[in-house]
There are 2 protein chains.
Amino acid sequence: MPKQAAAEPPELAGCCSALTAEPLTTDEAEVLSQRFKALGDPVRLRLLSLIASHEGGEACVCELTTGFDLSGPTISHHLRVLREAGLIDGQRRGTWIYYRVLPEALRTLSQALRPAAAMI
Amino acid sequence: MPKQAAAEPPELAGCCSALTAEPLTTDEAEVLSQRFKALGDPVRLRLLSLIASHEGGEACVCELTTGFDLSGPTISHHLRVLREAGLIDGQRRGTWIYYRVLPEALRTLSQALRPAAAMI
DNA sequence: GCGCTGATTTGAAGACTGTCAAGGTAGAAG
DNA sequence: CTTCTACCTTGACAGTCTTCAAATCAGCGC
């Protein structure tokens, strides 16, 4: 795993309630918006999608850099943002570092956006 | 409805597939990331939550500005970002402007983040 | 018409973000 | 130990975003 000083995945505040059911608290909004912000870049979304849909649920960085017209450091930067948002996790195996998505985090976001039953 | 030049809600590219099932195309990532970026700010998330959870499914701007330590123009700016992302819609009734969420847009995002069945 | 209230637009300042080149680390192989 | 590959970090720059004050627009009532 990369060295990387701080960057614990943030707590899942109020994990299961929908955004649409009742107003978010300031703290909940802070945590959720940090994750949505991480998804708010097309490169990061594609990276996440590539990792999630890759065979075995994980992908090596070398498999991610191809397919982007971006430098290695830039891909590395985006992976770090996804990691610090608690959306993915990296593991070193030999020379390569493999990333996988943390499904629980995706589920939390998906749930938060689920429209309230009364609204449909 | 506010004047506002361009800003049609963007097309729902590939509306129902999950991010985790197969890699996003560049275009899909562009559309989705624009919406996630709009959610990537705690103020906007709270605004969306306030509107969605408000009685009747809609809220007047005057009801939104209270509860934030922000100027009117700033709230207006965030509402515009949400509107241009296709997440909310505004309607003028007399002196007041009422905003409501577009549930379809939320559903699209929620679906995109739904973890693949095989992953759980 | 004039003024008042609610909401947006404009313009500007400061903070933040995406990107790359250059340099640094970690493990494997000679 | 030296070198090579894979990946990360640092430093810097251009572009974008958040915020506010000031000005503007839209409707209502006098």
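So that the names make sense, note that chain A is the first sequence line, chain B the second, and so on, each numbered from 1.
Distances shown here put a side-chain N or O of A/Tyr99 below 4.0 Å from the OP1 or OP2 atom of D/dC8. At the phosphate of C/dA7, neither OP1 nor OP2 sits under 4.0 Å from any side-chain N or O atom of B/Arg80. Remark: A/Thr95 is not in phosphate contact with C/dA28, judged by side-chain N or O atoms under 4.0 Å from OP1 or OP2. Residue B/Ser71 places at least one side-chain N or O closer than 4.0 Å to OP1 or OP2 of D/dC20. Between B/Ser76 and C/dT8, a side-chain N or O to OP1/OP2 separation shorter than 4.0 Å is present.
Positionally, the nearest nucleotide of DNA chain C for A/Val43 lies more toward the 5' end than for the other of A/Val43 and A/Gly94.
Residue A/Gly72 is out of contact with every strand shown, counting any heavy-atom pair closer than 4.0 Å. The residue A/His77 sits close to a base: some heavy atom pair falls under 4.0 Å. Residue B/Arg93 is classed as having no contact, given no heavy-atom separation below 4.0 Å to the nucleic acid. Residue B/Leu70 is in sugar-phosphate contact alone, with no base atom involved, counting any heavy-atom pair closer than 4.0 Å across all strands shown.
In this structure, B/Lys37 places its NZ atom 10 Å from C1' of C/dG18, rounding to the nearest Å. If you take CZ of A/Arg92 and P of D/dC8, they are 8 Å apart, rounded to a whole angstrom. Atom CG of A/Leu79 and atom C1' of C/dT17 are 16 Å apart (whole Å). Per the geometry, CH2 belonging to B/Trp96 stands 8 Å off P belonging to C/dG6, to the nearest Å. Computed from coordinates, the A/Gln91 CD to C/dG27 C1' distance equals 15 Å when rounded to whole Å. If you take CG of A/Leu39 and C1' of C/dG18, they are 16 Å apart, rounded to a whole angstrom. When the C1' atom of D/dC17 is taken as reference, atom NE2 of B/His78 falls 9 Å away, rounded to whole Å. For the pair A/Ile97 CD1 and D/dC8 C1', the computed distance is 7 Å after rounding to whole Å.
The side chain of A/Thr74 sits closest to C/dC20 out of D/dC8, C/dC20, D/dT19. Picking from C/dA21, C/dT19, C/dT8 the nucleotide with the shortest atom distance to the side chain of B/Pro73 gives C/dT8.
Cation-pi geometry between A/Arg93 and A/Tyr98 is met: the NZ or CZ atom falls under 6.0 Å from the ring centre, inside 45° of the normal.
Counting only distance, with no hydrogens or angles, the side chain of A/Ser33 and the backbone of A/Ala29 share a donor-acceptor pair below 3.5 Å. Remark: the backbone N or O of B/Cys60 is paired with a side-chain donor or acceptor of B/Glu63 at under 3.5 angstrom. Under the 3.5 Å distance criterion, the side-chain polar atoms of B/Glu28 are matched with a main-chain donor or acceptor of B/Thr25.
Proximity of B/Asp89 to B/Tyr99: side-chain heavy atoms (C-beta onward) are nowhere separated by under 4.5 Å.
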